[in-house]
Asks: 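The structure that follows is given in the form of structure tokens.
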Amino acid sequence: MSPSPSPPTTAPLVQAPVRLRAWVRGNEIALVGLAAVTGCIGGLVVVAMSGASQFLREILYRLPAGQRLSSLSDLPTEGLMGAPFLAPALGGAILGLLLLISTRGRGKAKRAVVDPIEANALHGGRMSLRGSLDVAAQNVVSNGCGASVGLEAGYTQVAAGIASRLGIAFEMRRSDLRTLVGCGSAAAIAAAFGSPLTGAFYAFELIIGTYTIATLAPVVVAALCGSLVARALAPQPALVDVGALALAKNTTLNTALGAGDTLPCLVLGLVCAGLAVLLMRGVTLVEQGFRASRLPAPLRPVLGGLCVGGLALATTPQVLSAGHGALHITLAPEAAAGLGALAGLIVAKAAASAMSIGSGFRGGLFFASLFLGALVGRLFAGLAPLVWPGFEGFGLAPVGYAVIGMSAFAVAIVGGPLTMTFLALEMTGSFPVTGLVLASVIASSLTVRKTFGYSFATWRFHLRGESIRSAHDVGWMRSLTVGRMMRKDIRPVSLDTPMATFLRAHPLGSPSRVVVVDEHDRYAGIVLVPEAHARAAENGGVTPHLADVVRYPGSFLLADMTVKQAAEAFDEAESEELAVLSDRQSRRVIGLLTESHTLKRYSEELDRQRRAMLGEAA
């Protein structure tokens with residue numbers, strides 16, 4: 001099992017002045033202004049991390065300034081003492097050292113860092129800034145040494161972590177803090193891809209979990225600011241601009257593409273979904289294999305780096321790093337790789353990504369999924385005419401299928417159908433192609449959802465034991481515990497109390513349920529007062545033992561149970577009221593909770609969440 005997430009930090013490093021805090025909390029324009037600041041910070045984060053990673057690659061592989069590692073045809077011979085394939089292993093050693101430093105002082109309770117999705121789902125947007133910076137540093141080293149991971153996870157982690165810290169400093173409400181975390185993530189993705197709409201919908205679909213009028217302005221402003229800052233500072237765009245490329249066989253898209261072109265795009269979406277699920281399963285299997293090796297965690301990236309470096313030496317440098325340079329090559333119209341070479345590159349890149357993440361390198365599959373999807377689209381365009389009579393009659397060119405495969409594969413891994421659709425739109429500037437992309441991503445997303453049920457991020461949560469399927473705020477449900485709702489003013493009665501004494505102390509009309517404990521003050525059950533009086537009357541006015549009328553001896557609640565678990569316990573016990581115990585071993589009674597009060601509090605919280613989603617005042 002992976003380590004559990006660390007509890008988000010609650011104390012702000014710097015607290016804003018009281019009047020400024022009050023103004024930000026009560027003014028929607030102030031939230032938009034704070035989102036703009038967050039967006040600018042997100043743009044700076046992306047530029048700094050991408051620059052640091054590129055600097056590492058240029059040092060380790062002796063690359064010319066601005067040269068993409070994955071665009072090389074062969075590994076350079078002069079890098080890293082004439083053995084550049086060892087660079088990932090060296091990066092793995094540095095990463096292992098960083099892991100030891102970051103976990104130093106935590107003792108045995110080493111905890112994973114909460115990411116933006118988990119923070120918004122469970123912790124009301126609260127994240128650890130120090131943990132986020134640790135993740136960012138590890139991500140830069142992983143990507144910079146050539147491991148097959150992207151920087152997008154690091155971008156969003158540190159940008160959202162700074163946004164969270166900023167919101168905590170202003171003591172923002174839970175809903176506003178979640179929105180600000182979404183703003184940080186939106187700015188990071190918008191800056192990384194030069195695509196404001198992509199960044200905004202990444203936040204709506206994956207980080208905030210919903211789209212509302214209240215979140216529209218701050219998220220879009222943050223995405224725009226992040227994109228503008230990155231464009232102003234970055235020397236070159238992060239992604240390929242395919243707007244000028246020939247996406248269709250005919251030069252005029254509107255006449256070349258028709259309704260019939262939707263069919264091959266749907267098939268391509270299904271193919272991408274199946275391959276993406278295999279990749280996610282493969283990463284898990286590789287990770288399990290590294291754990292089964294009993295190799296210490298700090299040494300696993302070294303072995304993984306050796307595997308990735310050896311794979312690059314045996315195949316192509318295109319499997320290294322995120323794959324920006326390789327994606328440029330794949331989307332170029334003049335790309336003339338054979339079908340066998342494309343299939344081999346798909347397998348090699350998938351293996352490199354699985355080995356990188358499975359061995360402990362920090363990063364995600366966002367950009368790897370884009371690159372793999374483009375390769376799958378190219379391969380589909382080459383193979384389909386061999387098995388599909390009449391395929392040549394469809395209007396898309398191989399580059400068009402590469403763009404559609406890129407979006408369909410990425411949505412299966414990352415999630416966010418509209419996010420990937422807008423990415424294609426901002427890359428191509430073509431509405432006809434975007435319509436086909438939308439059909440393909442819907443087919444891919446629906447297939448993965450119905451057959452697998454997880455994106456890569458939520459799949460990792462599932463493996464760790466968390467039941468998070470999205471960033472929808474379910475943390476309030478976990479914080480609404482039995483301990484917070486129970487009554488504490490109870491006086492348990494001993495089980496050996498004579499029945500006559502019990503009946504005199506609890507006449508009809510008094511509280512109808514009384515908790516009973518044994519001679520060791522352990523929970524023994526609940527006595528229904530009307531039932532006790534009725535049994536006494538049936539037996540001539542005296543019932544020999546109180547134990548004869550005790551009910552629910554095995555049904556109880558624990559203080560840390562959530563409101564959902566409490567409701568299930570009431571249904572199972574078929575009782576209106578249950579005792580609350582300190583733990584299962586000592587069985588000490590600490591309170592009492594009724595089903596009606598539980599459902600009332602649950603209904604109140606649901607209504608509050610509904611009003612927050614609609615942007616209504618709390």
Side-chain angles (χ1 to χ4, degrees), residues 42-95 98 136-155 158-159 188-195 226-242 244 305 308-309 312-313 316-332 334-335 349 352 356 361-363 366-368 370-371 374 427:
L44 291 172
V45 164
V46 169
V47 172
M49 289 183 61
S50 60
S53 181
Q54 178 64 18
F55 176 76
L56 281 178
R57 289 192 292 269
E58 292 174 4
I59 292 296
L60 292 174
Y61 294 92
R62 300 290 179 87
L63 301 177
Q67 174 74 55
R68 295 287 189 179
L69 175 60
S70 60
S71 66
L72 301 177
S73 56
D74 294 295
L75 284 175
T77 57
E78 66 274 11
L80 200 67
M81 297 180 295
F85 69 92
L86 294 177
L90 176 61
I94 298 173
L95 179 63
L98 290 177
Q138 294 164 18
N139 195 183
V140 166
V141 170
S142 299
N143 180 271
C145 75
S148 185
V149 294
L151 286 168
E152 291 76 23
Y155 293 156
V158 70
I189 295 300
F193 295 102
S195 306
S227 178
L228 290 173
V229 168
R231 286 183 184 181
L233 298 178
Q236 59 184 12
L239 195 59
V240 186
D241 181 10
V242 297
V308 173
L313 185 64
T316 170
Q318 291 187 32
V319 303
L320 295 175
S321 197
H324 287 83
L327 184 60
H328 280 74
I329 297 172
T330 302
L331 291 179
E334 64 274 10
K349 180 62 178 178
S356 297
F361 281 103
R362 279 287 191 175
F366 195 130
F367 205 94
L370 293 174
F371 178 39
M427 284 177 58

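We use all heavy atoms of the structure for the numbers below, so side chains are in, but hydrogens, waters and symmetry mates are not. Along the sequence shown, the residues carry numbers beginning at 1. These numbers were taken from a predicted model, which means no experiment stands behind them.
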Asks: Can you see which heavy atom on Ala159 is nearest to which on Ala188, and at what distance?
Replies: CB-CB, 4.0 Å

Asks: Could you check whether any side-chain heavy atom of Thr316 comes within less than 4.5 Å of a side-chain heavy atom of Asp74, counting everything from C-beta outward?
Replies: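 No; the side chains remain at least 4.5 Å from each other.
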
Asks: If the condition is side-chain hydrogen bond (donor to acceptor under 3.5 Å, both in side chains), which residues does Ser53 pass it with, not counting sequence neighbours?
Replies: Arg57, Asn143

Asks: Could you walk me through whether Asn139 and Phe361 satisfy the side-chain contact (heavy atoms from CB on, under 4.5 Å) test, starting with their C-alpha distance in whole Å, then the side-chain angles of each, then the deciding distance to 0.1 Å, before giving a yes or no?
Replies: CA-CA 7 Å; Asn139 195 183; Phe361 281 103; over 6 Å; no

Asks: How long is the gap from NE2 on His328 to CZ on Arg68, to the nearest 0.5 Å?
Replies: 7.0 Å

Asks: Quick one: CG on Leu69 to CD on Gln54, what's the gap to the nearest 0.5 Å?
Replies: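 One finds 8.5 Å between CG of Leu69 and CD of Gln54.
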
Asks: Report yes if some heavy atom in the side chain of Cys145 is under 4.5 Å from a heavy atom in the side chain of Leu60; otherwise report no.
Replies: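 Touching, per the 4.5 Å side-chain cut-off.
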
Asks: Any side-chain heavy atom of Leu151 within less than 4.5 Å of one from Phe367?
Replies: no

Asks: Give, for atom CG of Leu370 and atom CZ of Phe193, the distance between the pair rounded to the nearest 0.5 Å.
Replies: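 Separation between the atoms: 5.5 Å.
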
Asks: Hey, could you give me the CD1/NE2 distance between Ile329 and His324, rounded to the nearest 0.5 Å?
Replies: 13.5 Å

Asks: Locate the shortest heavy-atom distance separating Leu75 from Pro84; write the atom from each residue and the value.
Replies: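 So the minimum-distance heavy-atom pair works out to CB-CG, 4.1 Å.
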
Asks: For the residue pair Leu327 and Ala374, what are the closest heavy atoms and their distance?
Replies: CD1-CB, 3.6 Å

Asks: Working to the nearest 0.5 Å, report the span between OG of Ser356 and NZ of Lys349.
Replies: 7.5 Å

Asks: For residues Leu331 and Met427, report the shortest heavy-atom separation together with the two atoms involved.
Replies: CD1-CE, 4.2 Å

Asks: Would you give me the side-chain donor-acceptor pairs under 3.5 Å for residues 44-51, sequence neighbours excluded?
Replies:
from, atom 1, to, atom 2, distance (Å)
Ser50, OG, Val46, O, 2.8
Ser50, OG, Val47, O, 3.1

Asks: Could you pull out the closest heavy-atom pair between Ala52 and Val140, with the gap in Å?
Replies: CB-CG1, 3.9 Å

Asks: Return yes if some donor-acceptor pair links the side-chain N/O of Arg231 with the main-chain N/O of Gly194 below 3.5 Å, else return no.
Replies: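 Answer holds: yes.
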
Asks: Any donor and acceptor pair, going by atom type alone, linking the side chain of Ser71 with main-chain N or O of Gly325 inside 3.5 Å?
Replies: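 No; zero donor-acceptor contacts below 3.5 Å.
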
Asks: Could you pull out the closest heavy-atom pair between Tyr61 and Pro88, with the gap in Å?
Replies: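 Scanning both residues completely, I find the closest heavy atoms to be OH-CD, 3.4 Å.
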
Asks: What's the separation between atom OG in Ser321 and atom CZ in Phe371, rounded to the nearest 0.5 Å?
Replies: 11.0 Å

Asks: Going by ring pair (Phe, Tyr, Trp, His ring centres under 6.0 Å), name the residues that satisfy it together with Tyr155, two or more places apart in sequence or in a different chain.
Replies: none

Asks: Go through the side-chain N and O atoms of Ser142 and Gln138 and say whether any donor and acceptor fall under 3.5 Å apart.
Replies: no

